[in-house]
Undergrad: 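Got a structure for you, written out below as structure tokens; questions coming shortly.
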Amino acid sequence: MKQSIRLEINGQVHDLLVAPNQTLLEVLRESLELTGTKRGCDHGACGTCTVLIDGEPHLSCLTLAVAVAGQRIMTIEGLAQGGELHPLQKAFIEKGAVQCGFCTPGMILTAKSILDEEEHPSEDSLRKKMAGNLCRCTGYKKILEAVVSSAKAGLKA
Amino acid sequence: MNTRMPDFEYIQPETVVQVCSMLSQQPGAAVLAGGTDLLVNLKHGFIKPPILIDLRKITGLNLIELTAEGARIGPLATLKKLSTHPAIVAKLPALATAALAVGSYHHQVMGTLGGNICQGNRCSFLNQSAAWRQARPACHKTGGAVCHVVPGSDRCYACYHGELAPVLVTLGALASLTGVDGSRKILIEDLFTGEGKTPIEKAIDEIITGIDIPAEAMSGESLYLKSAIRGSIDFPVLGLALWHSPESKRYRICYTGVGTRPVRAGRVERLLEGHDLHGDLVDEACELATEEAQPVKNTSCPPSAKRHLMKRMLCRVLNQVMGES
């Protein structure tokens, strides 16, 4: 039986009617047309569905929409403010860390959550924490450079 | 691939009493914590609970407390919290190591201690989509009557891969199980049936409400070593937990990924007990370790390689202990 829920996404509140078996990923993409969050493996092994919930990275393909009412959800669409790209997004472009772009939203959000928590994360810590976001294009080098350069710039946003 | 899960009702009770009552009244109901194991199994379609009971509105189940009497950890403590808790890192480091070894960072943020302990057993013939499994007769674990791994077997050999449980076994931990009639405590190792189809030993109305680690565990040293195909995100091919007390020269050793439950290497423990470690003893212990389990080929790793890994990993861990003493 569908349930009426209220989701806060990127600072906006949405009233939705969802079935309990609908994932947050499905609701974001299909009910709210926020297609920046991607469906890759759909079972938690690739990280392309990453969203931030209360600041921490979650796999939205393994999150029930009905379970996250009342929590602050951020998708990649919520990162740029007032038409200005987030410093992480700029770093990814400058370093050439985007090829097909499919992994990019998940990569950026995971990176953001790490940098919000650790002011100067070691490269080791970054590698370990971003290992849940897979990329088939870049070989990861440029992605890591983008995140490391953002960390060095003292990014906290 | 958009895998819609089977229909279910969803409820968020606020007390343990409500959960136990619901479980007793609704056969087949499943409890939900982080969801990183349960939801994948729902997507694969080999479990179809009519109702999901989300535990996360219940307060008091995510505590982490260390005192002189020991440690008490709630089942909803996330793996991330476990791995970063200063007292856990200092006094029970193998717990932190094991928590950091599980899945990816995302899984550690979402996943819980209770969920990791109670994760479903795994087999390369089970953890597949419904479409994949349709090519073969249903196995014991999915309502059929065959085992694709051990032909002719009348039981399920699905393998346990949880990484926190072997550490908890070596720490002498106890699990509190709460049902409609109250609570009881059992050793963590008694939580496992050793049967692949229903791996966890508890009444249908019970849930884990706490893990207690005795103070004695903190007076020894604990280690966890994982072997996996990839350095990140994979289930263990083999996991090895070891606890030892330098003063009393006692050892507790437990493997995961090598049987239908965490496997205690009791004979190796008895061989080592009371002795200082030295080369010949370590060699004998590592050789004996290969006889402590009978792995079957239900993952990509052949049993002979698993037994070899049991020996190699124990060798590495015991050499580390020797080097430190």
Side-chain angles (χ1 to χ4, degrees), chain A residues 1-3 5 18-26 29-30 38-71 106 109-111 113-114 117-118 121 124-134 140, chain B residues 1-12 30 32-45 47-57 78-81 83-84 97 99-111 115 127-129 228-235:
Chain A
M1 195 168 83
K2 288 201 174 183
Q3 292 186 18
I5 62 169
V18 301
N21 66 352
Q22 283 184 273
T23 61
L24 177 61
L25 177 64
E26 186 183 326
R29 290 183 58 83
E30 291 163 41
K38 307 303 183 189
R39 174 180 294 114
C41 71
D42 211 30
H43 66 266
C46 74
T48 62
C49 68
T50 302
V51 297
L52 298 186
I53 300 182
D54 292 332
E56 291 193 303
H58 283 66
L59 301 162
S60 62
C61 72
L62 297 183
T63 302
L64 297 178
V66 290
V68 291
Q71 293 180 273
L109 287 174
T110 302
S113 75
I114 299 166
E117 225 179 57
E118 281 181 81
D124 208 56
S125 172
L126 281 171
R127 282 175 174 273
K128 187 98 200 337
K129 288 186 175 174
M130 294 195 64
N133 291 91
L134 305 187
Y140 300 102
Chain B
M1 176 186 78
N2 180 12
T3 329
R4 179 64 74 89
M5 293 177 271
D7 284 332
F8 49 79
E9 292 303 317
Y10 170 86
I11 194 151
Q12 287 179 307
L32 172 65
T36 57
D37 191 52
L38 183 71
L39 262 56
V40 179
N41 294 345
L42 278 165
K43 288 180 182 223
H44 284 329
I47 50 169
K48 296 181 164 93
I51 181 168
L52 253 57
I53 303 169
D54 193 329
L55 301 176
R56 291 169 290 189
K57 272 227 151 59
T78 65
L79 300 177
K80 178 181 173 180
K81 289 238 164 61
S83 69
T84 55
T97 307
L100 277 174
V102 173
S104 68
Y105 180 47
H106 304 66
H107 292 89
Q108 294 160 24
V109 166
M110 298 166 74
N127 300 88
Q128 306 283 1
S129 67
I229 295 172
R230 290 178 293 181
S232 64
I233 212 169
D234 273 340
F235 283 91

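Proteins come first, then strands; the chains are lettered A, B, ... in the order of their sequence lines, and each starts at number 1.
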Undergrad: Ignoring hydrogens, what is the shortest heavy-atom contact between B:S104 and A:G132? Give both atom names and the distance.
TA: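 Smallest heavy-atom distance, with atoms named: CB-CA, 3.4 Å.
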Undergrad: Could you check whether atom CZ of A:R127 has more than 12 heavy atoms from other residues, nucleotides or ligands sitting under 6.0 Å from it?
TA: no
Undergrad: Applying side chain to side chain contact (heavy atoms under 4.5 Å, CB included), can you list everything that pairs with A:I53, at least two apart in sequence or on another chain?
TA: A:L24, A:V51, A:H58, A:T63, A:V68, A:Q71, A:I73
Undergrad: Are the side chain of B:H107 and the backbone of A:G44 linked by a donor-acceptor contact shorter than 3.5 Å?
TA: yes
Undergrad: How would you list all residue pairs meeting salt bridge (charged side-chain N to carboxylate O under 4.0 Å, His left out) that involve residues 55-65 of chain A, not counting sequence neighbours?
TA: A:E56-B:K80
Undergrad: Using 0.5 Å steps for rounding, measure from the CD1 atom of B:I233 to the CG atom of A:L134.
TA: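 If we round to the nearest 0.5 Å, B:I233:CD1 and A:L134:CG are 5.5 Å apart.
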Undergrad: So which part of B:L52 gets closer than 4.5 Å to some heavy atom of chain A, the side chain, the backbone, both or neither?
TA: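 Side chain of B:L52 only, per the 4.5 Å heavy-atom cut-off to chain A.
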Undergrad: Kindly compute the distance separating CG (A:N21) from CG (B:L42), expressed to the nearest 0.5 Å.
TA: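 One finds 9.0 Å between CG of A:N21 and CG of B:L42.
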Undergrad: Tell me, for B:D7 versus chain A, whether the close heavy atoms (under 4.5 Å) come from the side chain, the backbone, both or neither.
TA: both
Undergrad: I'd like to know which of A:C61, A:G47, A:A19 tops the heavy-atom pair count under 4.5 Å against chain B.
TA: A:C61
Undergrad: Using non-hydrogen atoms only, which part of A:A67 is less than 4.5 Å away from chain B: side chain, backbone, both, or neither?
TA: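 For A:A67, the contact with chain B is made by backbone and side chain together.
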Undergrad: For B:L100 and A:K128, which heavy atoms make the closest approach, and how far apart are they?
TA: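 Closest pair (atom of B:L100, atom of A:K128, distance): O-NZ, 2.8 Å.
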Undergrad: Mind ranking B:D54, B:V109, B:L38 by heavy-atom pairs under 4.5 Å with chain A and telling me who comes out on top?
TA: B:V109
Undergrad: Side-chain contact test, heavy atoms from C-beta onward, threshold under 4.5 Å: evaluate it for B:L32 versus A:L64 and give yes or no.
TA: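 SC-SC contact between B:L32 and A:L64 confirmed.
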Undergrad: Looking at B:R230, B:M110, B:M5, which one has more heavy-atom pairs under 4.5 Å with chain A than the rest?
TA: B:M110
Undergrad: Quick one: does any side-chain atom of B:K43 pair with a main-chain N or O of A:H43 as donor and acceptor, under 3.5 Å?
TA: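 No; zero donor-acceptor contacts below 3.5 Å.
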Undergrad: Hey, what do you get for OH (B:Y105) to CG (A:N133), rounding to the nearest 0.5 Å?
TA: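 Answer for the OH-CG pair, B:Y105 versus A:N133, is 11.5 Å.
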